[in-house]
J.: 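Take this structure first; my questions come after.
All ligand and atom numbering here is 1-based and tracks the order in the structure.
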Amino acid sequence: MSNYHIKHLEEYFQVYRKSVENPEKFWEEIAEEHFLWRKKWDNVLSWDFTKPEVKWFEGAKLNITENCIDRHLLTRGDKTAILFEPNNIKEEAQHITYKQLHQNVCKMANVLKSKGVQKGDRVCVYLPMIPELVYTVLACARIGAVHSVVFAGFSSTALATRINDCDCKIVITSDGSFRGKKTIDLKGIVDESLESCEGVKTVLVAKRIQSEITMKQDRDFWLQPLLEEASSECEPEIMDAEDPLFILYTSGSTGMPKGMLHTTAGYMVYASYTFKNVFNYTENDVYWCSADVGWITGHSYIIYGPLANGATSVLFEGVPSYPDFGRFWQTVEKHKITQFYTAPTAIRALAKEGVDYVKNYDLSSLKVLGTVGEPINEEAWHWYDDNVGKNQAPIVDTWFQTENGGIMITPIPYVTPTKPTYATLPFIGIQPALMNEEGKEIEGNQVSGRLCIKFPWPSIARTIWGNHKRYKETYFSAFENKYFTGDEALRDEVGYYRITGRVDDVIIVSGHNLGTAPIEDAINEHPAVAESAIVGFPHEIKGNALYGYVILKDTGESRNQDNLRKEINQIITEQIGPIAKLDKIQFTEGLPKTRSGKIMRRILRKIANNEADNLGDISTLLNPEVVEGIIKKVLN
Ligand code: WT7
């Protein structure tokens with residue numbers, strides 16, 4: 001039996017037991033058998049959640065790019081590593097082989113070196129989803145520089161904050177990016193942010209949209225000519241297991257974004273092992289994760305996890321709605337995609353457009369479907385299962401966080417029986433606990449509580465860049481000796497987990513704890529409803545009452561809104577109970593969302609609480625323009 005690829009449920013339980021009974025021995029075997037080390041570790045694990053401090057594979061030496069690229073050259077040199085699918089359907093897809101990836105990463109590494117980048121330096125990467133993005137990320141890892149990828153949809157203010165926080169001296173960007181029919185002036189955004197980033201001395205600019213831009217003398221350089229000149233050989237920097245690999249920012253409930261720091265060996269082992277099992281990866285697959293590399297999902301499941309396994313990973317530049325709402329499915333057919341991994345919000349948006357966009361494509365190559373980033377509601381789950389997977393391809397609802405580095409709770413496809421809206425079982429090595437408000441662990445099944453993790457896993461973030469105190473306070477102070485996720489979950493009668501939402505989304509109505517997710521699920525079952533979000537607002541008698549924002553499907557017929565309100569509350573009453581009925585229901589065209597697709601309940605809460613004049617910075621939202629419309633129609 002190879003512990004590396006789990007094939008049956010009994011095997012899952014067996015391997016899981018091993019992984020928690022003797023984690024050191026378990027991870028040592030995985031690390032030993034499946035990776036390339038320049039030197040093995042002296043110690044597998046040392047940890048102390050009170051400091052907090054975690055070290056995996058201490059004393060080991062390696063370079064992650066040797067594991068993701070070089071070691072495949074002999075057996076997979078001509079295999080496609082990155083399959084680039086451009087925004088414009090008329091532009092040809094690019095099949096970048098492992099050999100070509102090696103050359104380009106080495107060239108890029110040499111360019112970075114020629115601009116003075118050294119081991120340990122932070123490099124800000126602000127690029128669209130083009131091959132240069134992958135080259136840059138891996139080139140940093142090749143020379144031991146720490147990449148900080150900032151999603152190229154963030155505003156200049158958000159970019160500047162992130163550049164300054166970790167003191168980047170160089171930014172890699174492009175003249176602009178394509179997004180459906182639009183182009184975005186990335187270089188202009190960078191110029192604007194650099195007005196407040198004195199530390200940045202160099203900007204490398206990839207040409208993508210051929211726009212006219214201004215280049216600042218001695219600071220800005222076109223990337224392509226430098227790449228052409230650069231040598232395609234670059235010896236990898238030999239790194240310590242615990243050397244920083246990257247920083248990735250994630251927003252907290254308050255204050256500055258948190259620069260989560262991930263280190264080298266543990267991250268590599270966990271991203272790779274989860275990829276293999278969660279996507280049932282086999283050699284000839286064509287795997288597609290539609291996330292942006294600017295998120296942890298992109299880091300772990302577009303770049304590092306797939307490449308460590310020698311896989312073909314699709315890099316998609318476009319958007320799901322361009323040239324029309326069939327783009328995902330057309331692309332699945334075109335490249336015979338075997339695994340497709342996306343966000344519930346994308347599924348809901350596409351479901352709203354109807355099945356006509358799906359049904360004419362041949363999706364029979366698909367063997368695994370995945371979702372990530374937020375709870376998936378039952379209706380969206382079934383739509384995905386029926387129309388995309390045709391009830392043949394298992395759906396893995398994968399739960400994890402930027403802080404976790406890799407997937408933590410998930411079904412293993414063809415192994416774990418799935419259950420809609422449930423992320424099901426902990427992945428190998430993950431020891432979850434549900435905690436009550438008094439800080440005690442809740443044992444047994446059919447319970448819910450705050451989700452913690454009791455034991456370190458290899459890819460846990462090691463700190464918040466420059467602020468270890470905040471790291472400790474945020475994740476290790478709520479519950480003694482446990483990592484607190486900030487999420488609430490329930491465990492059903494067989495031990496399956498359902499992540500019900502952030503703890504700060506809990507609303508206490510008349511002394512009852514109500515999670516937003518199940519109520520929204522109920523509302524969304526109304527045939528006229530496309531999407532909804534609920535928040536609490538102060539109520540004289542109940543303490544809090546519920547305020548619902550509801551997007552209606554565009555059915556073309558106009559409906560009586562008062563009747564709709566009654567029907568929605570009827571469904572809630574049926575599914576949860578009268579306690580969960582909404583006091584106010586506002587019909588709206590859109591909901592404010594983060595770039596990763598999460599509904600910003602904080603903003604909706606303020607609007608419902610008549611605090612719309614105090615919303616804070618909304619410029620980093622995906623759709624700041626919807627906020628104005630919501631405020632105008634707020635119900636008092
Ligand atoms: C938060 C982490 C992990 C990649 C993208 C998001 C929520 C994530 C699920 C899921 C329910 C989920 C949690 C978590 N979340 N996956 N499958 N079911 N909720 O990373 O931006 O760090 O957000 O996303 O609330 O804490 P992130």
J.: Can you check whether W56 and Y267 have ring centres sitting under 6.0 Å from each other?
T.: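 Here the rings of Y267 and W56 have centres that are no less than 6.0 Å from each other.
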J.: If the threshold is 4.0 Å, N to carboxylate O, is there a salt bridge linking R498 and D521?
T.: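 Yes, R498 and D521 are salt-bridged.
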J.: Under the side chain to side chain donor-acceptor pair (under 3.5 Å) rule, what pairs show up with a residue in residues 311-321, not counting sequence neighbours?
T.: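 As it turns out, the side chain to side chain donor-acceptor pair (under 3.5 Å) pairs with a partner in residues 311-321, which skip direct neighbours, are R208-E317.
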J.: Pick out the protein N or O atoms lying less than 3.5 Å from any N or O of ligand 1, and list each pair with its distance.
T.:
residue: ligand 1; atom: 15 (N); partner: G373; partner atom: O; Å: 3.3
residue: ligand 1; atom: 16 (N); partner: G373; partner atom: N; Å: 3.1
residue: ligand 1; atom: 17 (N); partner: D397; partner atom: OD1; Å: 2.7
residue: ligand 1; atom: 17 (N); partner: T398; partner atom: O; Å: 2.7
residue: ligand 1; atom: 18 (N); partner: E374; partner atom: O; Å: 3.3
residue: ligand 1; atom: 19 (N); partner: P375; partner atom: N; Å: 3.4
residue: ligand 1; atom: 22 (O); partner: T402; partner atom: N; Å: 2.9
residue: ligand 1; atom: 22 (O); partner: T402; partner atom: OG1; Å: 2.6
residue: ligand 1; atom: 23 (O); partner: K598; partner atom: NZ; Å: 3.3
residue: ligand 1; atom: 24 (O); partner: G373; partner atom: O; Å: 3.2
residue: ligand 1; atom: 24 (O); partner: K598; partner atom: NZ; Å: 3.4
residue: ligand 1; atom: 25 (O); partner: D487; partner atom: OD1; Å: 2.7
residue: ligand 1; atom: 25 (O); partner: D487; partner atom: OD2; Å: 3.3
residue: ligand 1; atom: 26 (O); partner: Q401; partner atom: NE2; Å: 2.9
residue: ligand 1; atom: 26 (O); partner: D487; partner atom: OD1; Å: 3.3
residue: ligand 1; atom: 26 (O); partner: D487; partner atom: OD2; Å: 2.6
residue: ligand 1; atom: 26 (O); partner: R502; partner atom: NH1; Å: 2.9

J.: Salt bridge check, D492 against K419: does any charged N sit closer than 4.0 Å to a carboxylate O?
T.: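 Yes.
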J.: Test: salt bridge (Lys or Arg N to Asp or Glu O under 4.0 Å). Region: residues 451-463. Which pairs qualify, not counting sequence neighbours?
T.: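 Applying salt bridge (Lys or Arg N to Asp or Glu O under 4.0 Å) to every pair that reaches into residues 451-463, excluding sequence neighbours, yields E242-R462, E441-K454.
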J.: Just grab all the salt bridge (Lys or Arg N to Asp or Glu O under 4.0 Å) pairs involving residues 379-390, residues at least two apart or on different chains.
T.: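 Listed by first then second residue: E379-K553.
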